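In what follows, residues are counted from 1 in the order of the sequence shown. All values below were derived from every heavy atom in this structure, side-chain atoms included, with hydrogens, water molecules and symmetry-related copies excluded. What you are looking at is a predicted structure, and each value in this text was computed from that prediction instead of being measured.
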Amino acid sequence: MNERRVKYSASVSNRSVLCRVKRHLNPVMDAELLVQRIANKISPEPIRQILEKQVLAKVLTPGEFELGLESHSLSKYCYAPGEMILCRKNTEEWVRWRTPIQMLLITVPDQTLHSVAEELGGRAPELNGTPLLKDERIRALVAATEADLANGSPAGRIYTDSIGRALAAALMHSRGVLRSPMRQYRGGLSPVQLRRVTSFVHENLHEDVSLMQMAEEAKLSPAYFSQMFHQSTGVAPHQFVLRARVERAKELLVKEDARVLDVAIACGFQTQQHFARVFRAFCKMSPTQFRQARLA
């Protein structure tokens with residue numbers, strides 16, 4: 001399995017539960033968004049499940065299952081592709097799969113929920129699970145997560161951190177007891193804060209820089225930092241990091257002895273293909289074409 005910080009995995013098992021969440025022994029992984037694709041087969045008998053994490057499920061293929069708090073009292077649910085389920089956390093449930101079904105599971109870390117709740121002026125809320133979640137904000141964030149994974153997560157952890165925090169806030173407002181409005185920030189970072197953050201980014205372009213790390217350089221919470229950084233630079237933190245990586249790549253590509261793969265790794269891209277895709281998006285040409293034009 002790919003050990004990326006945002007994981008995307010597939011599993012097919014008769015014993016799969018509605019929203020199976022693996023327990024991580026690494027506390028760092030518990031602080032990051034986990035994305036899984038599962039495929040469940042028909043189960044003749046109800047299966048017991050208890051979710052230890054907060055999970056949001058998106059249905060990928062049509063399907064039916066029965067779910068209830070007791071094995072002898074189940075309710076039937078039918079789903080179409082694209083419909084979403086907010087699973088109940090720390091609750092014993094029983095599920096019987098009536099048809100095969102594929103789902104995308106997004107696990108929101110407890111740490112993210114607690115952090116966002118504090119920034120919104122409250123404590124981490126209990127989210128009210130629902131077998132059919134209708135919220136366009138959440139749907140858009142799930143789509144953004146899927147698109148990022150499909151593109152190979154070119155911005156790395158910093159972008160998925162942002163999606164995770166936005167998803168946590170949207171879930172709290174939609175299904176939590178915390179109903180306070182999102183804070184609006186004005187102004188921007190001080191020159192000293194901006195200099196510290198940008199210096200940190202440029203010194204660590206070869207690493208998978210996180211939103212939390214950038215916020216710590218400015219001594220601000222991640223949500224407050226994101227607002228202030230955008231006010232100061234006009235771009236989101238993950239966009240700034242991508243641009244910085246591309247600019248560093250331009251400097252390295254003009255060196256005749258530098259391989260494109262080496263340039264990609266030195267600038268924080270995990271594969272040469274991801275590097276080429278991002279470089280073309282910014283420069284309207286491939287890294288090789290850029291090098292040829294500069295060295296001509």
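Residues Leu74 and Pro46 come closest through the heavy atom pair CD1-CG, 4.0 Å. When every heavy atom of Gly82 is checked against every heavy atom of Lys58, the shortest pair comes out as CA-CE, 4.0 Å. Taking every heavy atom of both residues into account, Arg96 and Ser43 meet most closely at CG-O, 3.2 Å. Between Lys41 and Trp97 the shortest heavy-atom distance is O-CB, 3.3 Å. Minimum heavy-atom separation, Ala264 to Thr271: CB-O, 4.2 Å. Nearest heavy atoms, Leu171 versus Leu133: CD2-CD2, 4.2 Å.
Rounding to the nearest 0.5 Å gives a distance of 7.5 Å between CD of Glu83 and NZ of Lys134. Between the OG1 atom in Thr112 and the CG atom in Asp161 there is a gap of 7.0 Å [rounded to 0.5 Å]. Here Thr160 contributes atom OG1 and Asp148 contributes atom CG; the two are 6.5 Å apart, rounded to the nearest 0.5 Å. The distance from atom CE of Met285 to atom CZ of Arg291, rounded to the nearest 0.5 Å, is 14.0 Å. To the nearest 0.5 Å, the span separating CG on Leu220 from CE on Met228 amounts to 8.5 Å. Here the straight-line distance linking atom CD of Glu93 with atom CZ of Arg88 works out to 4.0 Å at 0.5 Å rounding.
Ring geometry, Phe229 versus Phe225: the interplanar angle falls from 30° to 60°, so the pair is classed tilted. Ring pair Phe290/Phe279 is perpendicular by interplanar angle, where above 60° counts as perpendicular and below 30° as parallel.
Side-chain N or O atoms of Asn204 include one that pairs as donor or acceptor with a backbone N or O of Phe200 at under 3.5 Å. A donor-acceptor pair under 3.5 Å is absent between the side-chain atoms of Ser232 and the main chain of Gly188, judged by distance alone. No donor-acceptor distance shorter than 3.5 angstrom exists from the side chain of Ser174 to the backbone of Ala170, with no hydrogens or angles considered.
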Review point. What do the steps show when you test Leu60 against Glu146 for side-chain contact (heavy atoms from CB on, under 4.5 Å), and what is the final call?
Key: CA-CA 12 Å; Leu60 300 177; Glu146 291 182 280; 4.3 Å; yes

Check your understanding: When you look at Gln49 and Val95, which way does the side-chain contact (heavy atoms from CB on, under 4.5 Å) test go after all the steps?
Key -> CA-CA 8 Å; Gln49 67 175 26; Val95 60; 3.9 Å; yes

Exercise for review: Begin from the C-alpha positions of Arg175 and Asp135 and carry the test side-chain contact (heavy atoms from CB on, under 4.5 Å) through to its verdict.
Suggested key: CA-CA 10 Å; Arg175 301 297 303 176; Asp135 189 298; over 6 Å; no

Point to revise | Chi angles and distances behind the side-chain contact (heavy atoms from CB on, under 4.5 Å) call for Ile85, Tyr79 | key: CA-CA 10 Å; Ile85 306 164; Tyr79 289 94; 3.6 Å; yes

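Here the side chains of Gln54 and Leu86 are in contact, with some heavy-atom distance below 4.5 Å. Using a 4.5 Å heavy-atom threshold, the side chains of Met214 and Val201 count as touching. You'll find the side chain of Lys89 reaches within 4.5 Å of the side chain of Asp110, heavy atoms only. In this structure, Leu34 and Lys53 have side chains that are not in contact, with every pair of non-hydrogen atoms separated by 4.5 Å or more. Val246 is not listed as a side-chain neighbour of Leu242, based on a closest heavy-atom distance of 4.5 Å or more. Between Pro131 and Leu67 there is no side-chain heavy-atom pair separated by less than 4.5 Å. For the pair Arg165/Ser115, a side-chain contact is recorded, criterion being any heavy-atom separation below 4.5 Å from C-beta on. With a 4.5 Å cut-off on side-chain heavy atoms, Cys87 and Leu56 do not count as touching.
The hydrophobic cluster around Ile50 extends to none of the other residues, as no ILVMFWY side-chain heavy atom falls under 4.5 Å of it.
One hydrophobic cluster, built from ILVMFWY side chains closer than 4.5 Å, cannot hold both Ile265 and Val209; they sit in different ones. In the hydrophobic cluster analysis, where Ile, Leu, Val, Met, Phe, Trp and Tyr join through side-chain heavy atoms closer than 4.5 angstrom, Met212 is grouped apart from Val197. Hydrophobic clustering (side-chain heavy atoms under 4.5 Å, transitive across Ile, Leu, Val, Met, Phe, Trp, Tyr) groups Leu205 together with Ile158. Following chains of ILVMFWY side-chain contacts shorter than 4.5 Å, one cannot reach Leu69 starting from Ile47, and the two form parts of different hydrophobic clusters. Tracing side-chain contacts under 4.5 Å through hydrophobic residues (I, L, V, M, F, W, Y), one never reaches Trp94 starting from Leu51; they form parts of separate clusters.
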For residues 248-255, which side-chain donor-acceptor pairs fall under 3.5 Å, sequence neighbours excluded?
unit_1 : atom_1 : unit_2 : atom_2 : d
Arg248 : NH2    : His202 : O      : 2.9
Lys250 : NZ     : Glu247 : OE2    : 3.3

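Every residue two or more places apart in sequence or in another chain was checked for a side-chain hydrogen bond (donor to acceptor under 3.5 Å, both in side chains) with Arg243, and none qualifies.
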